[in-house]
Amino acid sequence: RKEVEQDPGPFNVPEGATVAFNCTYSNSASQSFFWYRQDCRKEPKLLMSVYSSGNEDGRFTAQLNRASQYISLLIRDSKLSDSATYLCVVNIRVTGGGNKLTFGTGTQLKVEL
Amino acid sequence: DGGITQSPKYLFRKEGQNVTLSCEQNLNHDAMYWYRQDPGQGLRLIYYSQIVNDFQKGDIAEGYSVSREKKESFPLTVTSAQKNPTAFYLCASSMDRAIESAQYFGPGTRLTVL
């Protein structure tokens with residue numbers, strides 16, 4: 001089983017739609033979680049951290065479910081500019097005091113007119 | 001403007017040559033990282049450094065080397081021992097070692113071995 005799993009998509013949605021992505025992780029010791037956005041042939045950019053209580057940033061809402069080991073991203077009123085690949089990222093503490101990010105392979109979103 | 005820069009943007013190399021990819025940050029971040037990204041795969045960690053003059057191997061360090069002589073700089077050398085070096089290389093930094101610290105990425109270097 002992969003450490004971080006995402007549906008690769010693509011999710012093709014009309015402009016204005018609400019779309020939700022889930023991501024599951026296998027390591028119950030995972031301690032922090034992030035969503036990144038990556039445009040084609042560009043670097044990943046931090047979209048938002050995911051907190052236990054859930055958090056919202058404008059049209060974007062992230063949720064964490066530790067019991068079921070998944071995180072979600074909800075995008076409301078989607079825009080053409082939201083078209084990108086969304087990466088789920090999980091951070092765990094490793095021996096020696098450092099931490100390790102594990103990246104999912106991403107979910108591709110295409111917003112259409 | 002604060003940020004992370006990588007150079008060159010595109011690099012072509014002949015087999016058997018070593019090449020060094022540059023990564024510089026002026027964010028005053030303690031930790032820096034190197035990843036590679038291949039089509040259809042998640043980012044994979046090559047090396048990371050949490051303080052100056054110290055670095056650790058990531059998941060796929062074979063065929064790569066790094067140095068961290070300055071806080072701002074973390075160059076990656078792709079040696080001829082790396083069997084499949086063609087990839088998109090991404091450098092990242094984070095404020096510190098805290099588990100909550102997000103990582104911020106540079107624009108990447110696309111390496112192609114001819």
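Treat the numbers as computed from the prediction; the structure is a model and nothing was measured. Residue numbers start from 1 in every chain, and the chains themselves are labelled A, B, ... in the order their sequence lines are given, proteins ahead of strands.
For B:R44, no part lies near chain A; criterion is any non-hydrogen pair under 4.5 Å. Both the backbone and the side chain of B:F105 have a heavy atom closer than 4.5 Å to some heavy atom of chain A. Looking at B:Q6, there are no atoms closer than 4.5 Å to chain A (heavy atoms on both sides), in backbone or side chain. Both the backbone and the side chain of B:L43 come within less than 4.5 Å of a heavy atom of chain A. Neither the backbone nor the side chain of A:F33 comes within less than 4.5 Å of any heavy atom in chain B. Residue contact with chain B, scored on non-hydrogen atoms closer than 4.5 Å, involves the side chain of A:Q38 exclusively.
Neither B:V78 nor B:L114 shares a network with the other; the hydrophobic side chains, linked directly or stepwise wherever heavy atoms of I, L, V, M, F, W or Y lie under 4.5 Å apart, form separate groups for each. Cluster membership for B:M95 and A:V50, using ILVMFWY side-chain heavy atoms within less than 4.5 angstrom, is not shared. Cluster membership check: A:L109 shares its hydrophobic cluster with A:V4, using side-chain heavy-atom separations under 4.5 Å among Ile, Leu, Val, Met, Phe, Trp and Tyr. Both A:L87 and B:F88 sit in one connected hydrophobic cluster of ILVMFWY residues. Membership requires side-chain heavy atoms under 4.5 Å apart, directly or through other members. With hydrophobic clusters built from ILVMFWY side chains whose heavy atoms lie under 4.5 angstrom apart, A:V89 does not share a cluster with A:Y70.
Annotation for A:N91 and B:S101: closest pair ND2-O, 4.3 Å, computed over non-hydrogen atoms. Smallest separation of non-hydrogen atoms from B:G40 and A:T105: O-CG2, 3.7 Å.
Heavy atoms of other residues, nucleotides or ligands lying less than 6.0 angstrom from CD of A:E3 number 12 at most.
For the side chain to side chain contact (heavy atoms under 4.5 Å, CB included) criterion with A:L101, the lone passing option out of B:Y35, B:Y48, B:Y33 is B:Y35.
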- [ ] Report the C-alpha distance between A:Y36 and B:Q103 in whole Å, list the side-chain angles of each, state the deciding distance to 0.1 Å, and finish with yes or no for side chain to side chain contact (heavy atoms under 4.5 Å, CB included).
- [x] CA-CA 10 Å; A:Y36 281 76; B:Q103 295 182 14; 3.8 Å; yes
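For the options A:K42, A:R41, A:K2, heavy-atom pairs under 4.5 Å to chain B are most numerous at A:R41.
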